[in-house]
Amino acid sequence: MNQLETIREKISGCDDVIIEQLAVRMSHIQEIISYKKATGIPILQPEQEQKQTDALNTKLGDNPFREEILDIFKYIMKNSRRIQAKSLFDYNIFLIGFMGAGKSTIASELQAKLEMERVEMDEMIVQKQGMSISEIFDEYGEVYFRNLESNTLIELQKRKQTIVSCGGGVVMREDNAEHMKKNGRVVLLTARPETIYYRVKDSDERPILNNHMNVDFISSLMEKRRERYEQVADVTIATDGKDATQICEEIIAKLIALDNEKGSPSRENS
């Protein structure tokens, strides 16, 4: 064996150790999730991840490969979040609520915190149709658009562990709620009419609000939809006065409590 092959053998030995230790580390992550679920400790603890990063910086000192090692550990932590999500949710999470309730923002935040896939229903429809939502409404009407929503939900049944931000009116159709619940939990995000108005007043992508961009109309439409939203929702989260992390932690805590009580949707529908 020449010198190059000898060095490669050493690297292969290092790889074996890394693989073994990563597997051990991941099993400990699962233990932590189980402990948190059993004791009610908040799942999301960003300060702990920062502590780990600070500790790693200290351990590395003036290591010549400091930046490279830090970069590797970013991916290790990212995958740790993914393992947490797999341990918590084996189903899709559908975010519903009136336009401007924060569905897209919270979907993005949950994606970052849990490393789950994320889908914007309206974006899926726009990409497939090659038209904006307003153009679809103008060209084909609302019924056509609602059919597109239903077809999108049927397609999403093939996915797992995906966070889906839904359009404001998607749950008004009975079949749509059934599509969501076959492999998912439905989370209702709420906000006051004044908050909704503030969030959407500068948007031109809200066909339902065209020529009606005011608090009174928003309040009236919200009230018409309120009962249906509440019927469909598995859990409800009020978003006023809370930051994205607080909302995400509340969503996770309520879903865990519901799963502990009922089991996951996949088991419910089996």
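If you're wondering where the values come from, they're calculated on a predicted model, not measured in any experiment.
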Within the 3.5 Å criterion, strictly below it, is a donor on [X] or [Y] matched to an acceptor on the partner's side chain?
{"X": "Tyr35", "Y": "Gln30", "value": "no"}
{"X": "Asn79", "Y": "Arg82", "value": "yes"}
{"X": "Arg159", "Y": "Asn183", "value": "no"}
{"X": "Gln50", "Y": "Asp54", "value": "yes"}
{"X": "Glu230", "Y": "Thr236", "value": "no"}
{"X": "Thr245", "Y": "Lys113", "value": "yes"}

Has [X] got more than 12 heavy atoms of other residues, nucleotides or ligands less than 6.0 Å from its [atom1]?
{"X": "Glu117", "atom1": "CD", "answer": "no"}
{"X": "Lys254", "atom1": "NZ", "answer": "yes"}
{"X": "Lys242", "atom1": "NZ", "answer": "yes"}
{"X": "Arg8", "atom1": "CZ", "answer": "no"}
{"X": "Glu227", "atom1": "CD", "answer": "no"}

Let's go through Ile237 and Val187 carefully: what are the C-alpha distance in whole Å and the side-chain angles of both, what is the deciding distance for side-chain contact (heavy atoms from CB on, under 4.5 Å) to 0.1 Å, and is it a yes or a no? CA-CA 7 Å; Ile237 310 292; Val187 177; 4.0 Å; yes
- Task: Output, in order, the C-alpha distance, side-chain angles, deciding distance and verdict of side-chain contact (heavy atoms from CB on, under 4.5 Å) for Leu95 and Ile93.
- Result: CA-CA 6 Å; Leu95 301 181; Ile93 299 173; 4.1 Å; yes
**Message:** Ring centroids only, cut at 6.0 angstrom: are Phe145 and Tyr140 within range, meaning strictly under it?
**Reply:**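 When the ring centroids of Phe145 and Tyr140 are compared, they turn out to be at least 6.0 Å apart.
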Should [X] and [Y] be counted in the same cluster of Ile, Leu, Val, Met, Phe, Trp and Tyr side chains packed under 4.5 Å apart?
{"X": "Ile76", "Y": "Ile18", "answer": "yes"}
{"X": "Ile154", "Y": "Phe94", "answer": "no"}
{"X": "Phe65", "Y": "Leu56", "answer": "yes"}
{"X": "Ile83", "Y": "Leu255", "answer": "no"}
{"X": "Leu258", "Y": "Leu189", "answer": "yes"}

Working to the nearest 0.5 angstrom, can you tell me the gap between [X] [atom1] and [Y] [atom2]?
{"X": "Ile252", "Y": "Glu250", "atom1": "CD1", "atom2": "CD", "value": "11.0 Å"}
{"X": "Asp243", "Y": "Thr105", "atom1": "CG", "atom2": "OG1", "value": "12.0 Å"}
{"X": "Arg185", "Y": "Phe89", "atom1": "CZ", "atom2": "CZ", "value": "10.0 Å"}
{"X": "Ile33", "Y": "Ile256", "atom1": "CD1", "atom2": "CD1", "value": "7.5 Å"}
{"X": "Glu120", "Y": "Ser108", "atom1": "CD", "atom2": "OG", "value": "8.5 Å"}
{"X": "Glu135", "Y": "Ser132", "atom1": "CD", "atom2": "OG", "value": "3.5 Å"}

Distance-only, no hydrogens or angles: does the [X] side chain make a donor-acceptor pair with backbone N or O of [Y] under 3.5 Å?
{"X": "Arg66", "Y": "Gly61", "answer": "yes"}
{"X": "Arg192", "Y": "Asp240", "answer": "no"}
{"X": "Gln127", "Y": "Met124", "answer": "no"}
{"X": "Asn92", "Y": "Gln161", "answer": "yes"}
{"X": "Thr6", "Y": "Asn2", "answer": "yes"}
{"X": "Ser220", "Y": "Asp216", "answer": "no"}
{"X": "Asn57", "Y": "Thr53", "answer": "yes"}
{"X": "Ser219", "Y": "Val215", "answer": "no"}
{"X": "Thr239", "Y": "Thr190", "answer": "yes"}

Is any side-chain heavy atom of [Y] closer than 4.5 Å to one of [X]?
{"X": "Met116", "Y": "Thr162", "result": "no"}
{"X": "Tyr144", "Y": "Phe137", "result": "no"}
{"X": "Ile106", "Y": "Cys248", "result": "yes"}
{"X": "Val170", "Y": "Glu149", "result": "yes"}
{"X": "Glu67", "Y": "Asp71", "result": "no"}
{"X": "Val235", "Y": "Ile251", "result": "no"}

Compare every heavy atom of [Y] with every heavy atom of [X], then report the nearest pair and how far apart it is.
{"X": "Asp234", "Y": "Gly184", "value": "OD2-O, 4.3 Å"}
{"X": "Met121", "Y": "Cys166", "value": "SD-SG, 3.8 Å"}
{"X": "Lys103", "Y": "Ile96", "value": "CD-C, 3.5 Å"}

Check the pair Tyr91, Asp259 against side-chain contact (heavy atoms from CB on, under 4.5 Å), reporting the backbone distance first and the verdict last. CA-CA 11 Å; Tyr91 51 81; Asp259 292 342; 2.6 Å; yes
Next item on the list: Determine, step by step, whether Arg225 and Arg228 satisfy the side-chain contact (heavy atoms from CB on, under 4.5 Å) criterion, reporting the C-alpha distance in whole Å, the side-chain angles of both residues, the deciding distance to 0.1 Å, and the verdict.
Entry: CA-CA 5 Å; Arg225 292 181 174 181; Arg228 179 61 182 162; 5.5 Å; no
### side chain to side chain donor-acceptor pair (under 3.5 Å) between Arg146 and Asn176, intermediate numbers included
CA-CA 10 Å; Arg146 298 306 176 194; Asn176 287 349; over 6 Å; no
Derivation of the side chain to side chain donor-acceptor pair (under 3.5 Å) call for Ser80 and Arg25: CA-CA 9 Å; Ser80 293; Arg25 189 183 195 279; 2.9 Å; yes
Between Glu178 and Arg173, is the closest basic N to carboxylate O distance under 4.0 Å?
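A salt bridge is absent here (no side-chain N lies under 4.0 Å from a carboxylate O).
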